[in-house]
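Counting begins at 1 with the first residue of the sequence. Just follow the structure's listing: the first ligand is 1, and inside any ligand the first atom is 1.
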Amino acid sequence: MKRVVIFASGSGSNAENLIKFFQNSDNVSVIQILTNNPHAKVLDRAKRLKVSALSFNRVAFTKTNDVLNILKVSNPDLIILAGFLWKFPETILNVFPNKVINIHPALLPKFGGKGMYGMHVHNAVVENKETETGITIHYVNENYDEGATIFQAKCEVFPTDTAEDVAAKIHALEMEHFPKVVEKLLNE
Ligand code: GAR
């Protein structure tokens with residue numbers, strides 16, 4: 001069984017979609033949700049879906065090896081950042097090389113980097129009068145949004161689209177593609 005751990009900071013709709021997709025799988029299991037936000041909605045989702053979940057603070061993540069040690073015990077084949085907003089520490093990346101991936105709600109390298117998350121991205125896409133946007137699934141390295149691309153999918157942006165319209169299109173792309181890309185990656 002391939003083991004997946006998901007990091008999320010907020011709502012967790014991608015986490016829920018991944019958990020449900022693999023719920024009846026014979027070869028992939030989402031074993032744990034980790035969050036930096038003790039009030040994140042993802043914790044309610046994990047509870048409802050009966051997946052073990054833990055929250056941690058910045059000290060446990062960046063100053064001590066607490067989160068790293070949790071991961072060593074969980075021993076994941078893949079670590080997925082799904083709406084996770086803190087920079088991922090090199091100390092953890094070094095222990096799990098090529099095993100940490102992120103989903104970004106734009107066509108990287110466009111609209112990436114620190115502070116570019118969620119609605120900030122969609123607002124920037126509309127303000128910039130982009131005619132298309134999309135999602136990027138990529139490996140995580142020590143810089144925000146810069147690791148090698150695994151997968152992109154695009155959608156059109158119309159001149160009349162609001163940032164909320166763009167958010168809805170991106171959400172649909174994420175729901176459709178993310179679990180399948182993860183499945184393919186784990187079966188390679
Ligand atoms: C998703 O759209 C994801 O692509 C984005 O946050 C959202 C999380 O939604 N990630 C980033 O912006 C990372 N820079 P969710 O909590 O409902 O899955």
Student: What protein heavy atom lies closest to atom 11 (C) of ligand 1? Include the residue and the distance to one decimal.
Tutor: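 Residue, atom and distance for the closest contact: Pro105 CD, 3.5 Å.
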Student: Following the transitive rule for hydrophobic clusters with a side-chain heavy-atom cut-off under 4.5 Å over Ile, Leu, Val, Met, Phe, Trp and Tyr, establish whether Phe111 and Leu85 coincide in one cluster.
Tutor: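 Hydrophobic grouping puts Phe111 apart from Leu85.
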Student: Quick one: does Arg3's side chain have a donor or acceptor within less than 3.5 Å of a partner on Ser74's backbone?
Tutor: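 Yes: the side chain of Arg3 pairs with the backbone of Ser74.
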Student: For atom 16 (O) of ligand 1, what is the closest protein heavy atom, and at what distance to 0.1 Å?
Tutor: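 Of the protein heavy atoms, Gly12 N, 2.7 Å lies nearest.
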Student: Identify, for atom 6 (O) of ligand 1, the protein heavy atom at the shortest distance, and state residue, atom and that distance.
Tutor: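 Result: Gly83 CA, 3.7 Å.
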Student: List every atom of ligand 1 that sits less than 4.0 Å from any heavy atom of Met116, numbering the atoms from 1 in the order shown and giving each element.
Tutor: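 Result: 14 (N).
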Student: With a 4.0 Å cut-off, would you call Asp161 and Lys169 a salt bridge?
Tutor: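 Salt bridge between Asp161 and Lys169, a charged N being under 4.0 Å from a carboxylate O: yes.
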Student: Under 4.0 Å from a heavy atom of Gly118: give me the atoms of ligand 1 that qualify, with their elements.
Tutor: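 Numbered from 1, ligand 1 contributes 12 (O).
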Student: Answer yes or no: is there an ion pair linking Lys110 with Glu130, defined by an N-O contact shorter than 4.0 Å?
Tutor: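 Glu130 and Lys110: salt-bridged.
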Student: Assess whether side chain to side chain contact (heavy atoms under 4.5 Å, CB included) is satisfied between Ile31 and Val4, documenting all intermediate values.
Tutor: CA-CA 6 Å; Ile31 56 162; Val4 172; 5.9 Å; no
Student: Does any N or O of ligand 1 fall below 3.5 Å from an N or O anywhere on Ile170, backbone included?
Tutor: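 No, since none of the N or O atoms of Ile170 sits under 3.5 Å from an N or O of ligand 1.
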Student: Which pair of non-hydrogen atoms, one from Ala46 and one from Ile33, has the smallest distance, and what is that distance?
Tutor: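 Closest heavy-atom pair between Ala46 and Ile33: CB-CG1, 4.0 Å.
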Student: Please identify which atoms of ligand 1 are closer than 4.0 Å to at least one heavy atom of Ser11.
Tutor: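 By the 4.0 Å cutoff, the relevant atoms are 16 (O), 17 (O).
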Student: What do you reckon, does Asn102 have a nitrogen or oxygen under 3.5 Å from a nitrogen or oxygen of ligand 1?
Tutor: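 In fact, backbone or side chain, Asn102 has no N or O that close.
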Student: Considering heavy atoms of the protein only, find what lies nearest to atom 3 (C) of ligand 1 and give residue, atom and distance to 0.1 Å.
Tutor: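 Atom 3 (C) of ligand 1 sits closest to the protein heavy atom Glu174 OE2, 3.4 Å.
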Student: Val121 versus ligand 1: do any nitrogen or oxygen atoms come within less than 3.5 Å of each other?
Tutor: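 No - when backbone and side-chain N and O of Val121 are compared with those of ligand 1, no distance drops under 3.5 Å.
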Student: Determine whether more than 12 heavy atoms belonging to other residues, nucleotides or ligands lie under 6.0 Å from atom CZ of Phe178.
Tutor: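 More than 12 within 6.0 Å, yes.
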Student: Counting the benzene-type ring for Trp, do Phe88 and Phe61 have ring centres under 6.0 Å apart?
Tutor: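 Yes, the ring centres sit under 6.0 Å apart.
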Student: At what distance is the nearest protein heavy atom to atom 17 (O) of ligand 1, and which residue and atom is it?
Tutor: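 It is Ser13 OG, 2.6 Å.
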Student: Please state which protein non-hydrogen atom is closest to atom 9 (O) of ligand 1 and give its distance, to 0.1 Å?
Tutor: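 Here the nearest protein heavy atom works out to Asn14 ND2, 4.0 Å.
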Student: Does Tyr117 reach ligand 1 with a nitrogen or oxygen that is under 3.5 Å from one of the ligand's nitrogen or oxygen atoms?
Tutor: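 Between Tyr117 and ligand 1 (N or O atoms, distance only) the closest approach is not under 3.5 Å.
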